[in-house]
Amino acid sequence: MKRISLVLVALAAFSFGAFAQSKNFSLGKWVEVNNAILKELNKSYVDSLEVGRIERAAIDAMLGALDPYTVYVPEEEQEDFQMMLSSTYGGVGAIIYKPDVNGNVIINEPYFNSPAARAGLRCGDEIEAIDGESTHGLQSADCSEKMRGKPGTTVVLRVKKLRSGDSWKAGEVVDVPVVRERIVLPSMEYAGMLNEADGYIFLSKFTEGVGQEIRDAFGRLKARGMKRLVLDLRSNGGGVMDEAVNIVSLFVPKGSVVLTSKGKSAREQVYKTTTDPIDTEIPILVLVDGGSASASEIVSGALQDYDRATIVGTRTYGKGLVQSIRPLPYDGQLKVTTAKYYTPSGRCVQAIDYSHRNEDGSVGHIPDSLTHSFTTAHGRTVRDGGGITPDFVVKAHRYSRLTYSVVYSGVLEEYALEYVKKHASIPAVEDFHFTDYEDFIAFAADKKFDYRSQARALFDEMKKSLAEDGLTETLSGELGALQKSLEMDKETFLRLKKEEIIPFIEEEIAVRYYFQEAGIRVRLRYDKQLHEALKQPAISW
């Protein structure tokens, strides 16, 4: 028997060695063939060859066949990559707008307490030159790049002032030196009281240090009488995993498992809370939607598994993959998917199966029939394979096609800038209400944007299909009658959707006078999903 066991072990070792050798041979073969192809193309291809562009395309295609999160970052893209990870950059702290490549740059939104704001730059100011170079003929991205730079350095902006200030008059052109700083875009974008009992924290991403920010904000809200916390993770695509652990640790006992990661090369790793919580009893509502992913799902999944919070909204995105950063030659980096994570109950929320692609290269969601059930701390059933399903489903308001078109076409942005030129001030955010909607209609009437209704857009697509099938002439009478009934001029349609569009106008205008936080406060005023979520009882599971 012992001899048989030794034979089996030897066979297993041989099989593993052969497998490893086969993999190494395949990899070596691929590298050799790849190099041979590039050399032959460089020598023989009929036109001049951009080797760098071809190599990058090959790398992107190879990694794209794995998943969307495994990407190559060459040295020249490191700054943008770090900004994406940390939400920081060196610059003056302002959003700019350039409606015409041959015109000036317009200050659209300076950030609160940014170098630009402290230098006196305000919405509507026009930048004619950056460090002596005219902005005329430059794209918006070119101007933005020139305004960025190493913290501590100075950029001189030649500015045409919209309004009078301490040392200039309206319309005067002045040189404004601005010392660049490390600009940190906030992850916790707002924390405040919704009413006498409900505290609210809006978290847009997970960056380093945000767990401490939440801890501090929680203390301030408790001091103001908070009896329930609303943690808004809607459209939060995630970020630093450790910060998700830090946030969960605020509300569950020390030593609690938050997630487990399992990968091919790395051993199973368990992440537990390592600090004492600040409150294990206060009722918590966590708002989620289809844009809540990764670290957002770690937080909502863990709090749901411990029955520590009530999850409200719609099912989350379903990203249960963990990425790590690996160094590459020539100062490049590879962000590579190295593991899947699992919530405390054992769920993997990954919704898309990237490992089994269809013949056309597309991927599909894991069907509900292949998901598994798990239980929370108090015995409730939850499932894996498709994001975090809320305890109470509350759908967001569905806006019309026209409203989306007005928002994303830039018409509202342009109108807000025009509004600022005409109004030196507005009331406090709580008291500000936009009432001159006819003025907006007159402005929008001259702008180009797709103002078709959803029904009219579908009708136009149907006409194309009918034309391809040769049925247009046969159905011309019916099509003409239907088209006439669906026609609506731009002004009429804008008036019809007044109640939908006004909140967006108010938000755009408020930001121009009181910075980004003001826009969130206006948004909360009209947030129907939030107001419906607040009706959910504080349940002790």
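No hydrogens, no waters, no symmetry mates; every other heavy atom, side chains included, goes into these values. Because the structure is a prediction, the values reported are computed rather than measured.
Just one residue in the list T273, I247, V299 forms a side chain to side chain contact (heavy atoms under 4.5 Å, CB included) with V258, and that residue is T273.
Contact annotation: the side chain of M188 never approaches that of F202 to less than 4.5 Å [non-hydrogen atoms, C-beta and beyond].
Remark: K447 qualifies as a cation-pi partner of F443 under the 6.0 Å distance and 45° angle criteria applied to the six-membered ring. In this structure, R148 forms a cation-pi arrangement with Y89, its terminal cationic atom sitting closer than 6.0 Å to the ring centre and no more than 45° off the ring axis. Geometric assessment of K497 against the ring of Y451 yields a negative cation-pi assignment under the 6.0 Å and 45° thresholds. Note that K335 lies outside the cation-pi zone of Y69, set by a 6.0 Å cut-off to the ring centre and a 45° limit from the axis.
The pair R525-E506 meets the salt-bridge criterion, since a charged nitrogen lies less than 4.0 angstrom from a carboxylate oxygen. Using a 4.0 Å cut-off between a side-chain N of Lys or Arg and a carboxylate O of Asp or Glu, E418 and K421 qualify as a salt bridge. Ion pairing of E297 with K319 is absent here, as no side-chain N (NZ or NE/NH1/NH2) approaches a carboxylate O to less than 4.0 Å. Ion pairing between E491 and R495 fails under the 4.0 Å rule for side-chain N and carboxylate O. Ion pairing between a basic and an acidic side chain is recognised when a charged N comes within 4.0 Å of a carboxylate O; R523 and E507 show such pairing. Under 4.0 Å is where a charged nitrogen must lie from a carboxylate oxygen, and between K222 and D279 at least one such pair does. A salt bridge links D450 and R401; the closest N-O separation between the charged side-chain nitrogens and carboxylate oxygens is under 4.0 Å. Salt-bridge annotation for D460 and R456: present, with a side-chain N of the basic residue lying under 4.0 Å from a carboxylate O of the acidic one. Of the charged side-chain nitrogens involved, none lies within less than 4.0 Å of a carboxylate oxygen, so that E133 and R158 do not count as a salt-bridged pair.
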Begin from the C-alpha positions of I130 and C143 and carry the test side chain to side chain contact (heavy atoms under 4.5 Å, CB included) through to its verdict. CA-CA 8 Å; I130 303 172; C143 297; 4.0 Å; yes

Before you tell me yes or no, could you show the steps for Q139 and V101 under side chain to side chain contact (heavy atoms under 4.5 Å, CB included), namely the whole-Å CA-CA distance, both residues' side-chain angles and the distance that decides it to 0.1 Å? CA-CA 6 Å; Q139 299 290 340; V101 70; 3.8 Å; yes

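Heavy-atom minimum distance, Q333 versus Q78: OE1-OE1, 2.9 Å. Taking every heavy atom of both residues into account, R228 and D198 meet most closely at NE-OD1, 2.7 Å.
Here the OG-CG distance, from S409 to L402, works out to 9.0 Å after rounding to the nearest 0.5 Å.
A donor atom on one side chain and an acceptor atom on the other are not found under 3.5 Å apart for D242 and Y271. No side-chain donor-acceptor contact under 3.5 Å links T310 and Q536.
Aromatic ring pairs are classed by plane angle as parallel below 30°, tilted from 30° to 60° and perpendicular above 60°; the pair Y200 and Y190 is tilted. Relative orientation of the H397 and Y399 rings is perpendicular, given thresholds of 30° and 60° on the angle between their planes.
Aromatic pair F449/Y404: centroids not less than 6.0 angstrom apart.
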